[in-house]
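In listed order, ligands and their atoms are each counted from 1. The first residue of the sequence shown is numbered 1, and numbering continues consecutively from there.
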Amino acid sequence: MVMLHRCIVNGRETGKAIHIARQKVAKAINCKAKEIYFTSCGSESDNLAIKGVCYKNKEKGKHIITSKIEHPAVLHTCQTLEKQGFEVTYLNVDSNGMISLSELENAIKKDTILISIMTANNEIGTIEPIKEIGKIAKAHNILFHTDSVQAIGNIKIDVEEMNIDLLSMSAHKFYGPKGVGALYVKEGVEFEKLQDGGHQEKDKRAGTENVAGIIGLGEAIELSYKEFENYNKKLIKLRDYYISQVEEKIPNIKVNGDRTNRLPGNANISFEGIQSEELLYKLDEKGICASGGSACSTGNPSPSHVLMAIGVSSKMAKGALRVTFGIENTKEDVDYLIESLSQIVSELRK
Ligand code: PLP
C-alpha cells in the first residue's frame with residue numbers, strides 16, 4: 001500500500017516535472033508545450049521529423065529538398081529515404097555556406113512535401129536564412145523542418161515568426177545533459193512514429209522518458225536564453241579576437257565560412273600544409289580540445305563534405321581546425337591557444 005502510494009506520488013511528480021520542462025522549451029522557441037516531443041538526441045529528432053513526415057505524406061508526394069552541408073543525421077536519413085523511393089534535391093551553397101533562395105524556389109516541384117535546411121552549420125557556423133526559407137515553404141504549402149541542434153542557445157529562434165513546422169534540438173549543445181533531445185512539431189502537422197511500444201510522448205515516441213535528462217534540458221534552455229545577450233557578446237568577442245590574431249600571426253591560412261553571419265563561438269580555419277590530425281594531437285598535448293572538420297566525423301580521413309561544398313580545396317580542407325568557444329573561456333585561453341598554434345604550425349611546416 002505504502003509502495004503503491006509512493007509510486008502514484010512519484011508518477012505525478014515526474015509527469016509534472018516533464019510538463020514544466022516542456023513549457024520551458026516551448027517558451028524558448030515560442031510554441032505550445034504540447035508541440036514539443038522529447039527524444040534521446042538531435043539525430044533521433046532529425047530522423048523522426050524527416051522520415052515521420054515523409055512516411056505520412058508519401059501519397060501526396062515523394063520529393064524532399066535539403067542542402068549539401070547538412071549534418072549526417074539529415075543527409076544519411078535522406079539517403080535512406082532515396083533507397084525507399086523518395087527523391088531528394090541537395091541544394092548547393094555559396095563560398096560562405098549559404099543556400100540560394102532562388103535555387104530553392106527553382107527546386108520546388110509539384111510533389112515536394114518537405115524542405116529540411118539546418119539553422120546553423122556545425123562545422124563552419126554559417127547561419128541560413130531561416131525566416132525567408134519558412135516564407136517560401138509556406139507560400140508553396142510545403143512543410144519546413146530545420147535542424148537547430150547548433151543554433152538553440154546560440155541564436156534566437158521564434159518558430160511562429162520564422163514559419164518553422166518542425167525543429168530538432170539536442171540538450172548537450174546548450175550545456176544540458178547528453179542523451180536527450182527534443183523535436184518541435186507544429187500543431188496539425190502529421191507525422192508517423194518510428195518506434196513501436198508504449199504511448200509515451202502523445203503516442204509518437206514509445207519508450208520510458210529520460211526524466212532526469214528532460215528536466216536538465218528544460219533548465220539548460222531556460223538558462224541559456226536568460227543569459228543570452230551576455231553569452232553572445234562574450235563569445236563573439238573571443239571568436240573575432242582569435243580569428244584576427246591567427247590572421248596576424250600565422251601565414252597561409254584561410255578562414256572558412258561567413259565572417260559575421262556565423263555562430264558566435266565558432267571559428268573554422270584551414271592551415272596550409274598541415275594535417276588536422278597532427279595539429280589536434282599536438283594541441284591535445286597542450287590541454288587544448290578542438291576538432292578537425294566535424295566532431296561527429298572524427299576518425300573519418302576524407303575531407304569534410306561541408307568544406308568541399310563551399311569550394312575549399314581538398315588540401316586546405318585536410319588542414320582545417322574548428323574551434324568552439326564556450327562561456328567559460330577567457331581572453332587568456334585564446335592567447336594560450338594562439339601561442340600554441342603558432343608554435344605547432346611552424347614546427348609542423350618545417
Ligand atoms: N545536427 C547537428 C547540426 C549537429 O551538430 C549534431 C551533433 O553535433 C546533430 C545533428 C546530432 O545531434 P546528437 O549528437 O544529439 O545526435
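For ligand 1 and K173, the ligand atoms under 4.0 Å from any heavy atom of the residue are 7 (C), 8 (O). Applying the 4.0 Å criterion to heavy atoms of N122 picks out, from ligand 1, the atoms 3 (C), 5 (O).
Under 4.0 angstrom from ligand 1, the non-hydrogen atoms of S170 all belong to its side chain. Counting heavy atoms under 4.0 Å from ligand 1, residue D46 touches it through the side chain alone. The residue E44 has no part lying near ligand 1, judged by heavy-atom distances below 4.0 Å.
Side chains of N232 and E229 form no contact here, defined as non-hydrogen atoms less than 4.5 Å apart.
Listed by chain and residue number, F228 satisfy the ring pair (Phe, Tyr, Trp, His ring centres under 6.0 Å) test with Y225 (two or more places apart in sequence, or in another chain).
Ligand 1 is never approached by K178 to a heavy-atom distance shorter than 4.0 Å.
Other residues, nucleotides and ligands contribute more than 12 heavy atoms inside 6.0 Å of the NZ atom of K254. Around atom NZ of K60, no more than 12 heavy atoms belonging to other residues, nucleotides or ligands sit under 6.0 Å away. Counting non-hydrogen atoms of other residues, nucleotides and ligands closer than 6.0 Å to CG of N141 gives a total of 12 or fewer.
When I69, N47, D147, T146 are ranked by how near their heavy atoms come to atom 3 (C) of ligand 1, first place goes to D147. Of the listed options M169, H71, Q150, H172, H71 places a heavy atom closest to atom 6 (C) of ligand 1.
No cation-pi contact links K138 to F144, judged by a cut-off of 6.0 Å to the six-membered ring centre and 45° from its axis.
What you find for I117 and T146 is that their closest heavy atoms are O-OG1, 2.7 Å.
Ligand 1 has a nitrogen or oxygen under 3.5 angstrom from a nitrogen or oxygen of G42.
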